[in-house]
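Letters go in sequence order (proteins before strands), and every chain restarts at 1.
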Amino acid sequence: MDLLSDLTPEQRAAVTHIDGPLLVLAGAGSGKTRVITRRVARLLDSGIAPENILAITFTNKAAGEMRERIEALAPGSRVWVGTFHGFCARLLRSYARLVGIEPGFTIYDQADRLRAVKDVLEQLAGDEARVTPERVESAISRAKNDLVTPQALRRRARDEDEGLTAKAYAAYEEKLRACSAVDFDDLLVHVVRILKENPDVRASLDGRYRYVLVDEYQDTNLAQYAIVRALSVDHPNLCVTGDPDQSIYGWRGANLSNILEFEHDYPGCRVVKLERNYRSTKNILSAADQLIRHNRDRKPKSLLTENPQGAPVNLTILARETDEAEAVAAKIAGLVREGEYNYSDVAVFCRMTALTRPIEQALRSARIPYQIVGGVSFYERQEVKDILSYLGLMANPKDDLAFARVVNVPARGLGKTSLDHLVKAARDRGLPLLAMARQADQAEGLKDKAVRGFRDFARLVDELRALCDHPAEEVIRQVLERTNYPDYLKANSDDKGEDRLANLDELVSAAHEFELEHPESQVHDFLADITLASPIDRWDEQTGAVTLMTLHAAKGLEFPVVFIVALEEGLLPHSRANNNDKELEEERRLLFVGITRARRELYLSRSRIRTFRGQQQATFPSRFLDELPLDEMEMNDRSGISDPQYPPPRGNGSGSWTRRPDAYPAPRSSPGGFRLTTAAQLSGSGGGPASPADLDALRPGVTVIHPEFGMGRITAVDGAGPRRKGTVAFATGQSRTFVLAMAPLKPLVRTGGTGPARSG
DNA sequence: GGGTCCTACATTTTT
DNA sequence: TGTAGGACCC
């Protein structure tokens, strides 16, 4: 086919560029994927060998799609397309020895890493540690992505906690080495080291991968930058594509300056800007544009489209998250009933996976098929992880983490005490746990029964290990059979047993599929593939179901109809991102990404009250709503209550549609809605001084209104009688304590309910 | 050692 | 709301 005829001049410029660095700044929906794949086809057309091309994408799914498209344009060409992590894993299998690790290394995922950090912290500081394992874990990850060594982190440490973190980092590294394991970030870090310390290897890889393409370049971190740089010295035929406005992985170490400084890093590079949007309606694009303009740390850019105006963007306010979910479900049902869309045309995005639950429920009861992307991934389920740990231990006998996980699963009478003795003995001798288990009779303090147990277990694993070069599917079947795992599951899981057995079946068929695709593979290849898989890789757009996912997962996708829910302060922007402008701008970009996924219709919503962590809480509208072109939008408030008065978080904001200054509420009731009631009214005592009954309504968990501070929630009460005090956390972030009998606090209750809203 | 119950706890996003 | 870890009892 003609690779150029249907392209715009800009797209054509990018596609026809062959040698030298190329930066493609591609706005949302500007046909970027098409440009990249065409360019690869064009490279192949011009006689460049497929093995000289390396294409890096953000997810395996994107890689698969690109591979397919390239295959369609240039059949039979075997271009390597994959993620940074996949590429590095492969490279590391060949060059492991250069950084002192074994080629059969195991890849630890985040849960494994957290487990390892916990072990290390306990060993280092016992119960004394003042830093949480989670914080240490993320600090280690951050350090690695920034190419900071344990020594450097130690030198940098300013206080005791940072010192302990650095120490834990060093100990963690040792532990991984002893287990012959690497974590996600190590895949990158080790490759950086290989490239840095071995000029010959670097030169040969640079020569091999003469044409490098990196997609989503705005989300690369320092380690990834270093890899790309090292592969583009002798042959700087590097093409990167991305959009600074869509950078949403800063928390993972992504460095926006990689793309902003590209022209500086690669002098003489060609820059192509793709600004025309082919995806969305004018209305949707206008919303995206107005929003993203509020980012100050940004190169101004216009978003243009020749697409029709389209329907106005819709913003709906509901009373509670269940109402919101039902409204979404009802709207979806209506759209499909009208015949214009299928379920698979629709996606619902939210900030956190935890927010999907009410949506799921509503979709279920409306009998709308859906699939959820993310959340607890299939491979993180306990039963799956157990079996995978057996495989891991078979493939890598030094994997102490896997050993500890399964040595007593199913129960073999090897509890904590026995394991502690074994660990100590192994540590003294510098042996892996499996090796120590084989000679458990030499470990101090073990009872005969435990010695026998460990040796039996070691024998079992050794026997299984003999099967290591068999197909993964068969290995899994053998593990299940020889460990009696299915029986153990049946005995130990009450009503979930069926589900869990089904998960094991699914694991077997996953292994089978892998086997078909990679006939030559070994168990550790299967494990690596699983570990490096992302939730979105399992997503199938063909199933005829509504898609439910986080805004992060939505990157790179598009849907005719998009819903974005829970546009509330604390959720979007997330409360953890509230501290500085940088994080706040990333949150804004996140919403921008969500909005620009929509092709024809966009529905935004928020709920006035949200139950989170089992607690009802009044919410405030996301500040981002005020940044949208509200006059062009269609808005309806179906909550049946109006906003209370509250001090705007910043600026004056008054007069805007989302912040109604008038509203200390004339109680208004609507079926199933809310009204605001005073404690006095509740108890029927009609507005006099608070009676004991009034005070009874003011309990922890109850949402209240204060005329000055706005909505809040009672977090604690203290004392009794007239001097009883209550602490209220207000939605503005401040917390205050009042004498309940005196304070003008009013509980928010459900119409027709029997009493104040209660927690739990 | 192992199972059960309870409490305390945290809680973003993901390769 | 969920879960991970601790206390307790068999």
Side-chain angles (χ1 to χ4, degrees), chain A residues 56-63 82-89 107-111 113-115 118 122 127 132-135 138 141 144-145 182-188 216 219-221 223-224 247-254 321 349-355 357-358 373-377 379-380 382 408-420 447 449-450 453 491-492 494 528-537 549-555 566 570-578 583 586-587 589-591 593-594 610-617 701 759-760:
Chain A
I56 305 234
T57 57
F58 199 70
T59 63
N60 293 299
K61 177 160 179 62
T83 63
F84 269 108
H85 290 84
F87 172 66
C88 289
I107 303 172
Y108 280 174
D109 67 14
Q110 192 174 1
R113 173 155 72 190
L114 186 58
R115 182 71 257 162
K118 279 181 183 166
E122 190 175 333
D127 298 336
T132 65
E134 286 79 9
R135 288 195 65 143
S138 79
S141 177
K144 288 187 174 184
N145 283 314
V182 303
D183 64 26
F184 276 140
D185 306 316
D186 283 335
L187 291 169
L188 308 175
E216 308 284 6
D219 280 323
T220 51
N221 59 37
Q224 291 164 334
S247 163
I248 54 176
Y249 282 90
W251 51 274
R252 208 167 88 183
E321 76 282 351
F349 302 150
C350 54
R351 179 65 177 81
M352 303 180 278
T353 45
L355 295 172
R357 224 175 37 231
V373 177
V376 183
S377 123
Y379 296 110
E380 286 163 18
Q382 191 175 355
N408 204 29
V409 177
R412 300 187 173 87
L414 301 169
K416 174 130 173 49
T417 326
S418 301
L419 187 57
D420 282 348
K447 297 201 169 116
K449 183 169 155 262
N492 285 281
D494 23 85
D529 190 71
I530 283 174
T531 311
L532 296 178
S534 68
I536 190 130
D537 299 337
M549 58 169 71
T550 64
L551 287 161
H552 281 88
K555 186 166 83 152
L571 294 175
L572 190 69
H574 193 273
S575 52
R576 296 266 283 241
N578 235 339
E583 288 174 350
E586 183 157 312
E587 295 288 307
R589 289 195 294 267
L590 199 49
L591 179 56
V593 166
R610 185 166 297 274
T611 308
F612 194 54
R613 260 156 57 189
Q615 304 258 284
Q616 263 193 55
Q617 186 134 27
S759 63

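- Following rounding to the nearest Å, Met352(A) (CE) and dT14(B) (P) show an atom-to-atom distance of 12 Å.
- Using a 4.0 Å heavy-atom criterion, one finds that Tyr249(A) contacts the sugar-phosphate atoms exclusively.
- Taking atom CD of Glu216(A) as the reference point, atom P of dT15(B) lies 12 Å away to the nearest angstrom.
- Checked against a 6.0 Å centroid threshold, the rings of His552(A) and Trp251(A) count as neighbours.
- Set against dA4(C), dT14(B), dT15(B), the side chain of Lys118(A) has dA4(C) as its closest nucleotide.
- Two residues are said to be in side-chain contact when any heavy atoms from C-beta on lie closer than 4.5 Å; Gln224(A) and Ile56(A) fail this criterion.
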### Derivation of the side-chain contact (heavy atoms from CB on, under 4.5 Å) call for Thr531(A) and Tyr108(A)
CA-CA 7 Å; Thr531(A) 311; Tyr108(A) 280 174; over 6 Å; no
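- Looking at heavy atoms from C-beta onward, Phe84(A) lies in side-chain contact with Thr220(A) at the 4.5 angstrom threshold.
- Mapping Leu414(A) and Thr550(A) onto DNA chain B via the closest heavy atom, the residue that lands nearer the 5' end is Leu414(A).
- Each of Arg115(A) and Arg357(A) has a nearest nucleotide on DNA chain C; the 5'-most of these lies closest to Arg357(A).
- Distances shown here put every side-chain N or O of Thr611(A) at or beyond 4.0 Å from the OP1 or OP2 atom of dT1(C).
- Distances shorter than 4.0 Å separate some side-chain N or O of Ser418(A) from OP1 or OP2 on dG1(B).
- Nearest to the side-chain atoms of Asn408(A) among the listed nucleotides dT14(B), dG2(B), dT12(B) stands dG2(B).
- Between Lys447(A) and dG1(B), a side-chain N or O to OP1/OP2 separation shorter than 4.0 Å is absent.
- A salt bridge links Glu587(A) and Arg351(A); the closest N-O separation between the charged side-chain nitrogens and carboxylate oxygens is under 4.0 Å.
- In terms of modelled atom types and a separation under 3.5 Å, the side chain of Asn60(A) and the main chain of Thr83(A) share no donor-acceptor contact.
- For the C1' atoms, the distance linking dT12(B) with dG5(C) amounts to 24 Å, nearest Å.
- The side chain of Thr353(A) places an N or O atom within less than 4.0 Å of a non-bridging phosphate oxygen (OP1 or OP2) of dT13(B).
- An aromatic stack links His574(A) and the base of dT12(B), using centre distance under 5.5 Å and interplanar angle under 30°.
- Side-chain nitrogen and oxygen atoms of Arg351(A) include none within less than 4.0 Å of the OP1 or OP2 phosphate oxygen of dT13(B).
- Where Ala553(A) and Arg412(A) each meet DNA chain B at their nearest nucleotide, the meeting point lying more 5' is that of Arg412(A).
- Nearest nucleotide to the side chain of Thr417(A), out of dT13(B), dT14(B), dG1(B): dG1(B).
- Atom CG in Asp529(A) sits roughly 13 Å away from atom C1' in dT15(B) (whole-Å rounding).
- Note: CG (Leu187(A)) to C1' (dT15(B)) measures 9 Å, nearest angstrom.
- One interatomic measurement links the two molecules: CD of Gln617(A) to C1' of dT1(C), which rounds to 14 Å at whole-angstrom precision.
- We find that CG of Leu114(A) is positioned 17 Å from C1' of dT15(B), with the value rounded to whole Å.
- Checking dG2(B), dT15(B), dG2(C) against the side-chain heavy atoms of Ala411(A) singles out dG2(B) as nearest.
- One atom, CD of Glu583(A), and another, C1' of dT12(B), lie 11 Å apart when rounded to the nearest Å.
- By the criterion of a centre-to-centre distance under 5.5 Å and near-parallel planes under 30°, the ring of Trp251(A) forms a stack with the base of dT13(B).
- If you measure from atom CG of Leu551(A) to atom P of dT14(B), you get 10 Å, rounded to the nearest angstrom.
- Minimum atom distance to the side chain of Arg252(A) is reached by dT15(B), of the listed dT15(B), dG2(B), dT13(B).
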